[in-house]
Amino acid sequence: MKYYIETYGCQMNVSDSELIISILNDAGYEQASDIDTADILLFNTCSVREHAEQRVLGRISNERHRKKSKPELKIALLGCMAQRIGERLISEDLGIDYAVGVDQYRALPHLLEQAQGSLLKFNSYENYEHLLPVHQGENCAFVTIMRGCDNYCSYCIVPYVRGRERSRPYEDILLDVRAAVARNMMDVTLLGQNVNSYHWKDLSFPALLVRLQEDVPELYRLRFVTSHPKDLSDELVQVMGKGGKLCEHIHLPMQSGSNESLKRMNRSYSYEQYLNRVKALRKAVPGIGITTDLIAGFPGETQEQFEATLSAMREIEFDYAFCFKYSEREGTAAAQYPDQLPEAIRLSRLQKMIDLQREITLRKFRAKIGKEVEVYVEGFSKKSKSQVSGKTRDFKIAVLTGDESKIGTLVKVKVSQATAGTLICE
Ligand code: SF4
C-alpha cells in the first residue's frame, strides 16, 4: 500500500509528518512521491488559524473525486484539526475516512486496516520514544525535543489540540541529530512549543544545548524554536553568548507591546520584562538576529495599546516580524472576550505593522552591506540556476553566485546589496 502525505502549518507538523512516515514505513507501507499512485491520502493539518483549516477542507474536497475511479482510496485527517473537529468531520459527507490525533500516530497502521474510524485520545506520556523520524529535508533538519504546551495563552488553540507539555529523552534527541548529520543535514533546529522549559531528568534546555554540541562535533549549526520570553533564563543567555555551533539568532514572540494586552493574552510577562531579555541577549551575543511574532487587533486592543506595539517595534528593531491579525479560535479564552474588533480594524492595524516592520527590516539588512557573513548554502536560488541561496548564522536569507558544488557547504561572503528580506552577496 502506498501513502501520500501533505503537511500544513508549523515546523512541528512537518516534524510529526516525518515521524508518521517512519511509523508507516516500519509497518510496511510505502511513501508515494506522486499523489496519483497513492492508496491512502494523509493530510497532516493545522488549527492555528481558521484560514488554515479552510484550506485543508478545500484540498480534501478537490481530491475526493479520486474515489470515483479508485473506490478503495482512503483519506485520513491527522494533526491538530483532526484532534479538534475530526469526529465531526468524519460524520459529515466530506470523504474523510479516518481522523487521528497527535498522540495516536503509533496506532495509525492498525487503524488503516479498518474501513473507517478515529483515534483522538490524548496521552500525556506519549513522546514517541525510540522512534526515529525520517527527515525529509536536504540540508537542514528539524528535531522535536518536546511536545505539547502548558501555557494557555488566551488566543491559542495549541494546548487544546496538542496536550500537556513533555520532554523527549536526551538519548532519542541525540540519535535523531546524529541521524540527520549522517545524511548531511548540518543545520539542525530543535523544536518545541516552548523549548526553554525543556526538562528531562536533570537536563535543562541550556544544558541540552551544551551537550549536543559536545556529542555531535560534526554539526555545523544548532538553532532552536520557539522560546517563551518568560522562561528565557540567564543561563540560556550565557550559553548563547559562548557561540560555537549555536547560531546568533532567536525567535522570541512578543505578540504585543502593551502590558494590558499582554495580560489579556495571558503571556505572563510585561513589555519591560521582554525588553530586559532582549537587552541581555544583545549584550551577551553581539549582532544577534531577533525575530518575533506579533498580533494585530487582539480583542479589546485600543488604539493606544496598538500604538504601544508600534513603539515597541521601533525601540527593539526586530530583524523580522511575523505579523498576524487576530483570528478567534473556538474554545480559547480570547474567543469568549466580548470586545472582538471589527475585521477592518484588524486588517488596517496589521497593514501598519507590516509596513513599519518592512522599513526596519530593510534598514537592518542594509546595515549588513560591506560586511562578511557565513552562509550555509541550502540550494539554488528561486530566481536563477546560476545562483545559490542559504541562511546566515543570524537567520537571514542570502543569495550568491555559485553552482551545485556549493550546496551543503559553508561559505564566507561579502554582502553587496540588500532588500527587505534578502542579502545579496559576493
Ligand atoms: S506558548 Fe502560548 S502561543 Fe505558544 S503554543 Fe503555548 S499557548 Fe500557544
Side-chain angles (χ1 to χ4, degrees), residues 8-16 44-53 79-84 101-103 122 124 126-127 142 144-168 189-199 205 223-233 236 250-271 273-274 277 290-299 301 309 312 318 321-337 350 353:
Y8 294 82
C10 64
Q11 271 311 327
M12 203 73 196
N13 252 14
V14 175
S15 194
D16 272 3
N44 192 5
T45 61
C46 170
S47 275
V48 163
R49 271 171 284 281
E50 165 98 36
H51 174 70
E53 292 194 345
C80 299
M81 193 176 161
Q83 194 78 58
R84 200 175 84 78
V102 294
D103 291 338
F122 280 120
S124 46
E126 180 55 278
N127 245 331
F142 291 85
T144 298
I145 62 164
M146 57 199 301
R147 303 182 68 80
C149 181
D150 285 347
N151 286 311
Y152 290 93
C153 300
S154 65
Y155 51 84
C156 183
I157 193 80
V158 167
Y160 304 94
V161 290
R162 287 198 160 264
R164 300 282 60 75
E165 184 179 288
R166 63 219 103 130
S167 298
R168 193 177 176 203
T189 303
L190 305 178
L191 279 184
Q193 243 73 43
N194 177 14
V195 287
N196 308 107
S197 62
Y198 174 86
H199 213 95
F205 182 59
R223 304 177 183 278
F224 54 87
V225 73
T226 294
S227 289
H228 196 303
K230 77 174 166 59
D231 296 318
L232 203 161
S233 63
L236 175 60
I250 192 164
H251 184 67
L252 195 62
M254 181 176 80
Q255 308 299 11
S256 171
S258 147
N259 286 339
E260 291 84 351
S261 290
L262 286 170
K263 202 162 181 203
R264 283 160 59 88
M265 288 176 176
N266 194 29
R267 289 291 286 171
S268 312
Y269 55 84
S270 65
Y271 173 62
Q273 286 165 327
Y274 182 91
R277 296 293 76 193
I290 302 183
T291 54
T292 198
D293 293 335
L294 298 168
I295 299 174
F298 186 72
E301 181 189 68
T309 301
F318 296 107
F322 297 87
C323 305
F324 303 97
K325 76 178 163 67
Y326 170 72
S327 161
E328 53 261 57
R329 306 310 291 133
E330 195 188 325
T332 60
Q336 320 292 323
Y337 291 173
L350 174 67
M353 256 182 194

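Counting convention: from 1, in listed order, for ligands and their atoms alike.
Contact between R267 and ligand 1 is present, with at least one heavy atom of the residue lying under 4.0 Å from the ligand.
The shortest heavy-atom contact between L252 and S227 is CD1-CB, 3.8 Å.
Among the atoms of C149, an N, O or S atom is found under 2.8 Å from atom 6 (Fe) of ligand 1. Among the backbone and side-chain atoms of C156, no N/O/S atom is found under 2.8 Å from atom 2 (Fe) of ligand 1.
At most 12 heavy atoms of other shown residues, nucleotides or ligands fall within 6.0 angstrom of atom CD in E330.
Within the listing of ligand 1, atoms 1 (S) sit less than 4.0 angstrom from a heavy atom of H228. Residue Y152 approaches ligand 1 through these ligand atoms, each under 4.0 Å from one of its heavy atoms: 7 (S).
For atom 4 (Fe) of ligand 1, the nearest protein heavy atom (residue, atom name, distance) is Q193 O, 4.3 Å. Protein heavy atom at the shortest distance from atom 2 (Fe) of ligand 1 is C153 SG, 2.3 Å.
Between R162 and the choices D16, D150, D103, the salt bridge (charged side-chain N to carboxylate O under 4.0 Å, His left out) rule is met once, by D16. Across T292, T189, T291, a single residue satisfies side chain to side chain donor-acceptor pair (under 3.5 Å) together with H251, and that is T291.
Contact of the E126 side chain with the R166 side chain is registered, since non-hydrogen atoms from C-beta on lie closer than 4.5 Å.
Contact annotation for Y155 and ligand 1: only side-chain heavy atoms (C-beta onward) come within less than 4.0 Å of the ligand. Proximity of P159 to ligand 1, defined as any heavy-atom pair under 4.0 Å, is confined to the side chain (atoms from C-beta onward).
Looking at D231, its side chain never comes within 3.5 Å of a backbone N or O of S197 through a donor-acceptor pair.
A cation-pi arrangement, defined by a distance under 6.0 Å to the six-membered ring centre and an angle within 45 degrees of its axis, is present between R264 and Y337.
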